[in-house]
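Data block below; observations after.
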Amino acid sequence: MHLKLGETSTIVVSSPKIAKEVLKTSDPTFAARPGTLALEIISYNHAAISFSPHNDYWRQMRRICIIELLSAKQVKSFGSIRNDEVLNLVKSIRSSAGKPINLTEKIISTMSATTCRVAFGKGGFDLADLFPSSTMLKTLSWNKLKLLAMRRKLDEILDDQTGDSKRKGNGEFGNEDLVDVFLRIKESGELQFPIDNDKIKAVISEMFSAGTESSSSTINWTMAELMRNPSVMAKAQAEARETFNRQKTTDTQNLKYLKLVIKETLRLHSPLPLIPRASREDCEVNGYFIPANAKVFVNTWEIERDPKYWTNPESFQPERFENNPIDLTGNNFEYLPFGSGRRICPGLTFGLTGVELPLAQLLYNFNWKLPEGISLDNLNMIENSGMTASRKEDLYLFADPFPNDFSS
Ligand code: HEM
């Protein structure tokens, strides 16, 4: 689909074949991101990785974040922090037994506390107060005055974090955290593309919002889908209870069915249903001329529920991924929850690991019920409009605790 909005050409890609051409065959022609005023202000003039042009600065910052925060090794090393925060979540839900719980709010606060601790160390971090009530991506539709006010608040919080002399070894175990690492390499002058405090601020606020928003949204949608699909809930719950009791640990590695449930949630509820890209030069796709700087959105929402590729696409059936080679790494163009190509999400392992443990513990510890007046047929499944497709309404549920050994 081609939309001409003012001077700008906008192309929407809604088939796996063309998605492959854009994201893989033509790579890196479409490895740029569309720019907007909102991004310029909030991402410190496109210094955040997600919104940076495709250049050596982007490569450098992406590499640092992967090595210091997002690699499988780092993600594993944050295990005790994740456990700690998830146990706080379980305790807080146990103490609200008998009352309706705003699960959305609790999950967001668990995920933001976890991201803060792994990326910025102890000592608290007020970004959680700024997001997610006004999530980073929601700001894309704001006007300039509102954006500038938000940026001033962001500056206040982040300047405190990047005040060089105040920190060092602020990480959980007395080690460096991501902010320490950036400050150290900024000072060392060893970088090919020198960074300043604005660039550090852009990337750390990005890690915070990316680490919190997409994972919280995925947990919320999974719980909502499980409430609407009691047989899936029963199976996932039986697996978590049987596995944890047998292992006597809350290691999620063997929760095979839960992993299928998460995959199915990501098919129907990708946090980023339109992957935003831009063309870096004039090119041709499927016989059509695409001018330089055209905005290109890969519509994974449409592709991931297209009956040509998915049987009963609207129904929630984790079993469809059983014995099915389709994976999450961007090589199957009918299923792209983390994108594909050189701009594929670098937070895949961090994100999935962060989603599995809280979900497993919610299933292991509680029997869940819908509030009075809400049934599985009328549970609201409406998405927010905008770039991210989180649930529009907070999810309220009742939790009946099971007596368990391995979580409190
Ligand atoms: C369920 C969890 C997540 C999902 C579904 C998700 C999805 C996505 C998608 C679809 C993209 C665009 C990829 C493309 O253009 O091809 C993206 C980019 C990105 N994501 Fe994630 N994400 C998740 C978690 C995370 C986490 C936990 C982090 C970091 C803490 C993160 C950081 C980023 C960054 C920095 C980019 C921009 C990459 C670039 O432009 O080079 N994401 N994500």
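Quick caveat, the model's predicted, so the values are computed rather than measured. In what follows, residues are counted from 1 in the order of the sequence shown. These numbers come from the heavy atoms of this one structure, side chains and all, not from hydrogens, waters or symmetry mates. Each ligand, and each atom within it, is numbered from 1 in the order the structure gives.
- You'll find the ring centres of Tyr335 and Phe321 inside the 6.0 Å limit.
- Close approach of ligand 1 to Ile49 (heavy-atom distance below 4.0 Å) involves ligand atoms 39 (C), 40 (O), 41 (O).
- A donor-acceptor contact closer than 3.5 angstrom links the side chains of Thr265 and Thr222.
- For atom 29 (C) of ligand 1, the closest non-hydrogen atom of the protein is Leu70 CD2, 3.8 Å.
- The ring-ring contact (aromatic ring centres under 6.0 Å, His included) test with His269 is passed by exactly one of Phe316, Trp221, Trp301: Trp221.
- Among all protein heavy atoms, the one lying closest to atom 16 (O) of ligand 1 is Arg277 NH2, 2.7 Å.
- With no hydrogens or angles considered, a side-chain donor-acceptor pair links Glu319 and Tyr257 at under 3.5 Å.
- Residue-level proximity to ligand 1 for Ser340 is carried by the backbone, the only part with a heavy atom below 4.0 angstrom.
- Pro337 O, 3.4 Å is the protein heavy atom nearest to atom 7 (C) of ligand 1.
- Each of Arg246, Gln247, Glu239 was checked for a side chain to side chain donor-acceptor pair (under 3.5 Å) with Asn254, and the lone residue meeting it is Gln247.
- Residue contacts with ligand 1: Arg342 is placed with no nitrogen or oxygen under 3.5 Å of a nitrogen or oxygen of the ligand (distance criterion only).
- Asn220 and Arg391 make their closest contact through O-CD, 4.2 Å (heavy atoms, listed as atom of the first residue, atom of the second, distance).
- More than 12 heavy atoms of other residues, nucleotides or ligands sit less than 6.0 Å from atom CD of Glu281.
- Taking every non-hydrogen atom of Ile275 and a distance limit under 4.0 Å, the qualifying atoms of ligand 1 come out as 14 (C), 15 (O), 16 (O).
- Listed by chain and number, Cys345 SG are the protein N/O/S atoms closer than 2.8 Å to atom 21 (Fe) of ligand 1, with waters left out.
- Remark: ligand 1 and Thr218 share no N or O pair separated by less than 3.5 Å (distance only, no angle test).
- Summarising the geometry, atom CZ belonging to Arg305 is positioned 13.5 Å from atom CG belonging to Asn312; distances are rounded to the nearest 0.5 Å.
- Under a 4.0 Å heavy-atom criterion, Phe208 is not in contact with ligand 1.
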Stepwise, does the side-chain hydrogen bond (donor to acceptor under 3.5 Å, both in side chains) test hold for Asp251 with Thr249?
CA-CA 6 Å; Asp251 184 346; Thr249 71; 5.1 Å; no
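- Scanning all protein heavy atoms for the shortest distance to atom 13 (C) of ligand 1 gives Arg343 O, 3.2 Å.
- In Trp58, the part holding a heavy atom less than 4.0 Å from any atom of ligand 1 is the side chain.
- Close approach to Arg62 involves these atoms of ligand 1, each under 4.0 Å from a residue heavy atom: 38 (C), 39 (C), 41 (O).
- Rounding to the nearest 0.5 Å gives a distance of 8.0 Å between CD1 of Ile64 and CD of Glu68.
- Between Ser215 and ligand 1, no pair of N/O atoms sits closer than 3.5 Å.
- When only interatomic distances are considered, the shortest N/O to N/O separation between Glu206 and ligand 1 does not fall below 3.5 Å.
- Cation-pi geometry between Arg241 and Tyr364 is met: under 6.0 angstrom from the ring centre, within 45 degrees of the axis.
- Both cation-pi conditions hold for Lys199 and Tyr57: the charged atom is under 6.0 angstrom from the six-membered ring centre and inside a 45 degree cone around its axis.
- Residue Phe398 holds its CZ atom at 13.0 Å from CG of Leu103, rounded to the nearest 0.5 Å.
- Near Phe350, the atoms of ligand 1 lying under 4.0 angstrom from a non-hydrogen atom of the residue are 27 (C).
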